[in-house]
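Values below: every heavy atom of this structure, side chains too, minus hydrogens, waters and symmetry copies. Just so it is clear, the model here is predicted, and its values are computed rather than measured.
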Amino acid sequence: MNILIVGATGQLGFTIVRKLSEQKTAHSIFAGHRRTSNTKPLERLQNVNFRIVDLLDSKTFETGLRDIDIIVTTATTATPSQKGDDLIKTDESGTIALIDAAKSAGIKQFIYVSALPFPKWENTVPLSRAKRKVESHLKRSGLPYTIIQPTAFMEVYFPFFGTTVPLRGAEVNTVERPFKFSNDFFAGIKNDIEQKETFNVIGKGDRKNAFISVENVADFCIAAITNPKAINRTIEIGGPEGLSPLDIKKIFERLYGKPLKIKSTPPFVIRLMSKILPLFNPAAGNIMALNYAVANNDALPRDMKKTAEEFDIKLIHPEEFLSQKFDLPS
């Protein structure tokens, strides 16, 4: 089988390509990327082919999808990295156009990485609205599909508690993508745990989330490839346990061997920013809306243990994840 990973230069896409390369799979691996993307980390991997696939340029689809059997798309501009990145144009319209092209090309399976819904806040988060529209179109397309709905990624969410520890060892990471708003914000808090002994939360920090590692999201995507159990199915995925930010704080305290003070941002401030920022920075507004929804919603996938067993995935617990990161050089 010829497998195309669209969004292969992003953290999740790269991880999928890396794992497939390390498995020395019999499948042929094609890394889909934009002409302007940084492909150097991918070029260090073995047995990886390259295809230009740009969700903002449908003209790239004909050659990009030629002789491809399966598409895995992880592409998103939730954290934009290039001029022109836009949730509606890229994540929504671009992915829908890719689905249509896949249908015309006779793709055998279309695996789409979406996100776990926020039942109460779904319509307030632009990324969620785009994801649901793509999911709906994919289901109606007639393509054999698999929709993966993960919870928040440890590698992306945990750094904003005030630490660079979750970034250690990552060849590609979302947090450091060149998006000025996010870069400036993170620069101001990234040493809070280590230097100020302060742990950042929104509100009370008591909502439960089954945080998942990017490594496990990639595992599920790979396990879904040609798997009859995954065909025409929406799969909710998360980590092995629902934990609140306050629970994560305790893990950091155990690892550092010292107590941490809580610094709480009132939820109404995040909510207000999610309303004001879109007027001049839609991507920043989406991030604030997403943060507000995560802070006010329990994200607990149904039957997670059963799902992990079904696809033979060993779930990484946040304590295991952080312990491993602590052992890596800073």
Side-chain angles (χ1 to χ4, degrees), residues 78-80 87 115-129 150-167 173-177 179-212 238-239 242-256 258-300 318 321-322 325:
T79 304
L87 283 173
L116 193 72
F118 302 107
K120 189 176 179 180
W121 308 106
E122 192 73 358
N123 290 329
T124 68
V125 182
L127 178 64
S128 291
R129 293 199 299 266
T151 55
F153 297 173
M154 298 181 203
E155 291 86 345
V156 178
Y157 201 81
F158 286 6
F160 290 93
F161 291 135
T163 176
T164 59
V165 168
L167 307 181
N173 74 72
T174 301
V175 173
E176 294 180 333
R177 291 180 75 172
F179 176 41
K180 190 175 187 306
F181 174 83
S182 181
N183 296 158
D184 290 349
F185 182 80
F186 185 58
I189 66 164
K190 66 180 184 180
N191 295 313
D192 281 3
I193 291 178
E194 287 85 355
Q195 296 180 5
K196 300 179 182 179
E197 299 182 359
T198 297
F199 189 88
N200 299 297
V201 300
I202 299 171
K204 296 178 180 179
D206 59 352
R207 302 310 294 260
K208 300 286 187 180
N209 195 313
F211 297 105
I212 190 169
L243 297 175
S244 70
L246 296 182
D247 295 323
I248 303 300
K249 171 179 170 286
K250 292 177 182 177
I251 296 175
F252 275 100
E253 289 174 330
R254 287 195 291 272
L255 291 169
Y256 276 108
K258 61 183 179 182
L260 298 173
K261 302 184 295 289
I262 292 175
K263 181 180 178 181
S264 175
T265 300
F268 81 85
V269 173
I270 305 299
R271 180 72 165 157
L272 183 62
M273 291 175 70
S274 76
K275 296 293 186 181
I276 295 174
L277 284 172
L279 299 175
F280 53 91
N281 192 332
N286 171 70
I287 289 174
M288 289 298 105
L290 188 59
N291 285 335
Y292 183 83
V294 171
N296 288 277
N297 183 77
D298 289 328
L300 303 170
F321 169 81
L322 288 171
K325 293 291 185 178

Could you report the tightest heavy-atom contact between [X] and [Y], atom names first, then the distance?
X    : Y    : answer
M154 : P159 : O-CD, 3.7 Å
K180 : D184 : NZ-OD2, 2.6 Å
S274 : A289 : CB-N, 3.5 Å
N286 : L127 : OD1-N, 2.9 Å

Give, for atom [atom1] of [X] and atom [atom2] of [Y], the distance between the pair rounded to the nearest 0.5 Å.
X    : Y    : atom1 : atom2 : answer
K263 : I193 : NZ    : CD1   : 12.5 Å
T198 : I262 : OG1   : CD1   : 10.5 Å
I270 : L290 : CD1   : CG    : 11.5 Å
K190 : N200 : NZ    : CG    : 14.5 Å
L243 : K250 : CG    : NZ    : 10.0 Å
L260 : D192 : CG    : CG    : 10.5 Å

So do the side chains of [X] and [Y] get within less than 4.5 Å of each other, counting heavy atoms only?
X    : Y    : result
P318 : I248 : yes
F160 : S182 : yes
P166 : E155 : no

Sorted by chain and number, sequence neighbours left out, ring pair (Phe, Tyr, Trp, His ring centres under 6.0 Å) with Y292 holds for W121
By ring pair (Phe, Tyr, Trp, His ring centres under 6.0 Å), F161 pairs with (sequence neighbours left out) Y157, F158, F199
Practice prompt. Would you please say whether a donor-acceptor pair under 3.5 Å links the side chains of E176 and N173?
Written response: yes
**OP:** Compute whether any side-chain donor of one residue and acceptor of the other, for T163 and E194, lie under 3.5 angstrom apart.
**Re:**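 Their side chains do contain a donor-acceptor pair, which is all the 3.5 Å distance test asks for.
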Show every donor-acceptor pair shorter than 3.5 Å between a side-chain atom in residues 201-211 and any protein atom, with sequence neighbours excluded, or say none if there are none.
residue : atom : partner : partner atom : Å
R207    : NE   : D298    : OD1          : 3.2
R207    : NH1  : N296    : O            : 3.2
K208    : NZ   : D247    : OD2          : 2.9
N209    : OD1  : F211    : N            : 3.4

If the plane angle is over 60° it's perpendicular, under 30° parallel, otherwise tilted; pick one for F181 and F179.
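Ring orientation, 0 to 90° scale: tilted.
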* Asked: Going through the distances and angles, do V165 and Y256 end up as a side chain to side chain contact (heavy atoms under 4.5 Å, CB included)?
  -> CA-CA 11 Å; V165 168; Y256 276 108; 3.8 Å; yes
Exercise for review: Flag the pair K258 and E253 as a salt bridge only when some basic side-chain nitrogen lies within less than 4.0 angstrom of an acidic carboxylate oxygen.
Suggested key: no
How would you list, by chain and number, every residue that makes a side-chain hydrogen bond (donor to acceptor under 3.5 Å, both in side chains) with [X], sequence neighbours excluded?
X    : answer
R129 : none
K325 : none
N291 : none

- prompt: Any donor and acceptor pair, going by atom type alone, linking the side chain of K261 with main-chain N or O of K196 inside 3.5 Å?
  reply: yes
- Message: Run T174 and F153 through side chain to side chain contact (heavy atoms under 4.5 Å, CB included) and show every step you take.
- Response: CA-CA 10 Å; T174 301; F153 297 173; 5.9 Å; no
Next item on the list: Let me see the working for T124 and F118 under side chain to side chain contact (heavy atoms under 4.5 Å, CB included), right down to the final yes or no.
Entry: CA-CA 9 Å; T124 68; F118 302 107; over 6 Å; no
